[in-house]
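Step one of this worksheet: look at the structure below.
Naming convention: chains lettered A, B, ... in sequence-line order (proteins, then strands); numbering from 1 in each chain.
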Amino acid sequence: MGAHSGRHVTMHDVASSAGVSVSTVSLVLQDSQLISLATKTRVRRAVEELGYVYNRSAAQLRRHDSNAVGVIVNDLANPFFVEVLAGIEGRLMQDGFVVLVANTDNSCERQDAVLRSMREQGVAGVMLAPSQGTRRQALNDLRSWRTPFVLMVRSLGMGGCDFAGFENEMGSYLATQRMLQAGHRKLAYLGGLPSEVRNQRYRGFLKALRQYEVSRADHLEHWGAATRQFGFDGLHWLLRRQPGLEGVVCYNDIVAFGAIAAASRLGRRPGVDIAVAGFDDIRAAQHLNPPLTTISIDPHGFGAAAAQLWLQRRAAPEQAQRVHLSLPKLVVRRTA
DNA sequence: TTTGTTGGTGGGATTGCTGG
DNA sequence: CCAGCAATCCCACCAACAAA
């Protein structure tokens, strides 16, 4: 420690220890061609000995840039978003960025606060999975920063923004079709609060029913939060309404998890007495008992694709809007 | 007493420059 | 090839002083 105990070790300390100037230290840290190998080794050894840690915020102060990307998701309690995050982080890390994660729990107030805080941090950009009910104004604010950003999952009907989403309608269409092909006719759609994504998925459900000429009277829907608890309660509700229910198409996997728990509790074997399908294909889906039939959109790959979109936007700010839509795939396991 | 103005300082790294 | 100086980034914070 010596002369500098209690303070941070700075480039200046490294410089005097190695017997060079701070300018040289800076160049060594950037692995500049201008510095001889001998000097580089000397400086690096001093860095090692003093335990010097590069101060990125000082560099940021000087250069007006940051290597932190704000990633804001609306429901971190859903493992789906954790997998998406892993995909994002993996891709951004390759290009030297770090991720600043925030969870809004679907609260617009928290989203506003988090966005403000990201801005205060001076992040290099933002990737946002908007809260339910996000207003246009919030996005216009974001746009006015002139920082690269992409929207994920919900586009909010915003033109001119980069967007990474899924073919929702096709996904639930595939799940519903699977049940219809198995001969089920008394079907229900379970979960989801009014939103663009919910509407698209519901539309896919209806489209399949129409194709198989299932009468309006034969199907049900029950709307609510995309949670395990709602799936659990929701299935009870549906079975009270329609004891002869044959299949449930769920808004997402965790709703399906809840529904399966409820079915088992009520003595209806999932996949035998009642069909259940999810949406997302989170990892836990395959280890459920019985393994969940679901729609895979590869959350990890989706996250990587969204990050790629962000990187491209950052590299080319004036480029026209880009959209990535992940294609859903039906993954047949045991529950449908 | 409250409120406003001005100027200086610290916090570390980056970069252009001169000169040996 | 490199030392070393100087300017620079932004802003919170403080002191000193002035005006209302």
Side-chain angles (χ1 to χ4, degrees), chain A residues 1-72 88-104 107-128 137-151 161-162 307-308 310-319:
Chain A
M1 288 299 173
H4 294 284
S5 57
R7 290 187 61 205
H8 279 123
V9 178
T10 68
M11 273 183 18
H12 189 271
D13 302 320
V14 175
S16 50
S17 164
V20 299
S21 71
V22 281
S23 318
T24 307
V25 175
S26 177
L27 291 170
V28 171
L29 261 30
Q30 298 172 65
D31 203 19
S32 163
Q33 302 291 309
L34 298 169
I35 307 294
S36 70
L37 191 60
T39 308
K40 280 183 180 175
T41 3
R42 202 144 42 87
V43 169
R44 284 178 184 140
R45 209 167 54 220
V47 164
E48 191 94 351
E49 278 166 7
L50 297 177
Y52 167 74
V53 176
Y54 181 71
N55 186 331
R56 197 169 290 277
S57 63
Q60 188 182 340
L61 169 66
R62 173 60 231 238
R63 299 175 37 163
H64 304 129
D65 67 359
S66 161
N67 73 330
V69 181
V71 181
I72 304 168
I88 290 174
E89 211 258 341
R91 180 64 191 86
L92 290 183
M93 200 184 61
Q94 288 173 16
D95 282 39
F97 290 97
V98 296
V99 163
L100 220 57
V101 178
N103 174 36
T104 62
S107 147
C108 291
E109 291 74 39
R110 277 183 68 174
Q111 183 170 275
D112 287 344
V114 155
L115 280 167
R116 205 176 318 119
S117 150
M118 296 276 181
R119 192 174 191 179
E120 288 171 5
Q121 295 291 331
V123 293
V126 167
M127 301 179 66
L128 172 66
Q137 189 52 44
L139 282 204
N140 286 332
D141 289 352
L142 179 53
R143 199 177 245 157
S144 71
W145 301 12
R146 321 199 139 280
T147 192
F149 73 96
V150 303
L151 294 181
C161 288
D162 291 329
Q308 179 68 29
W310 183 85
L311 287 165
Q312 285 172 345
R313 171 59 52 199
R314 180 181 148 88
E318 304 304 330
Q319 196 177 47

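Nucleotide dC10(C) holds its P atom 17 Å from the CG atom of Asn55(A), rounded to whole Å. Between the CZ atom of Arg56(A) and the C1' atom of dT14(B) there is a distance of 14 Å, rounded to whole Å. The separation between His12(A) atom NE2 and dT14(B) atom P is 15 Å, rounded to whole Å. Rounded to whole angstrom, the span from the CG atom of Leu29(A) across to the P atom of dT14(B) amounts to 7 Å. One interatomic measurement links the two molecules: CD of Gln30(A) to C1' of dT14(B), which rounds to 7 Å at whole-angstrom precision.
Among the heavy atoms of the strands lying under 4.0 Å from Gly19(A) are primed sugar atoms or P, OP1, OP2 only; no base atom is included. Val20(A) comes within 4.0 angstrom of sugar-phosphate atoms only, judged by non-hydrogen atoms across all strands, and of no base. Within the 4.0 angstrom heavy-atom criterion, only backbone atoms of the sugar-phosphate kind lie near Ile35(A); the bases stay farther away. In this structure, Gln60(A) reaches neither bases nor backbone, as no heavy-atom distance under 4.0 Å exists between it and the strands shown.
In this structure, the side chain of Arg313(A) does not engage the main chain of Thr147(A) through any donor-acceptor pair within 3.5 Å.
Looking at the side chain of Ser21(A), the nearest of the listed nucleotides dA13(B), dT14(B), dG4(C) is dG4(C). Here the side chain of Met11(A) is nearest to one of dC5(C), dC2(C), dA13(B), namely dA13(B). Here the nucleotide nearest the side chain of Tyr52(A), chosen from dA3(C), dA13(B), dT14(B), is dA13(B). If you check dT15(B), dG12(B), dT14(B) against the side chain of Ser23(A), the one that comes closest is dT15(B). The nucleotide whose nearest atom lies closest to any side-chain atom of Tyr54(A) is, among dC5(C), dG12(B), dT14(B), dT14(B). Candidate nucleotides dA13(B), dA3(C), dC5(C) were compared by shortest atom distance to the side chain of Thr24(A), and dA3(C) ranks first.
Between the side chain of Ser36(A) and the base of dC2(C) there is no donor-acceptor pair of N/O atoms closer than 3.5 Å.
From Leu92(A), atom CG reaches atom CH2 of Trp310(A) across 6.5 Å, with rounding to the nearest 0.5 Å.
Ser117(A) and Gln121(A) share no side-chain donor-acceptor pair at under 3.5 Å. No hydrogens or angles considered: a donor-acceptor pair under 3.5 Å links the side chains of Ser21(A) and Thr24(A).
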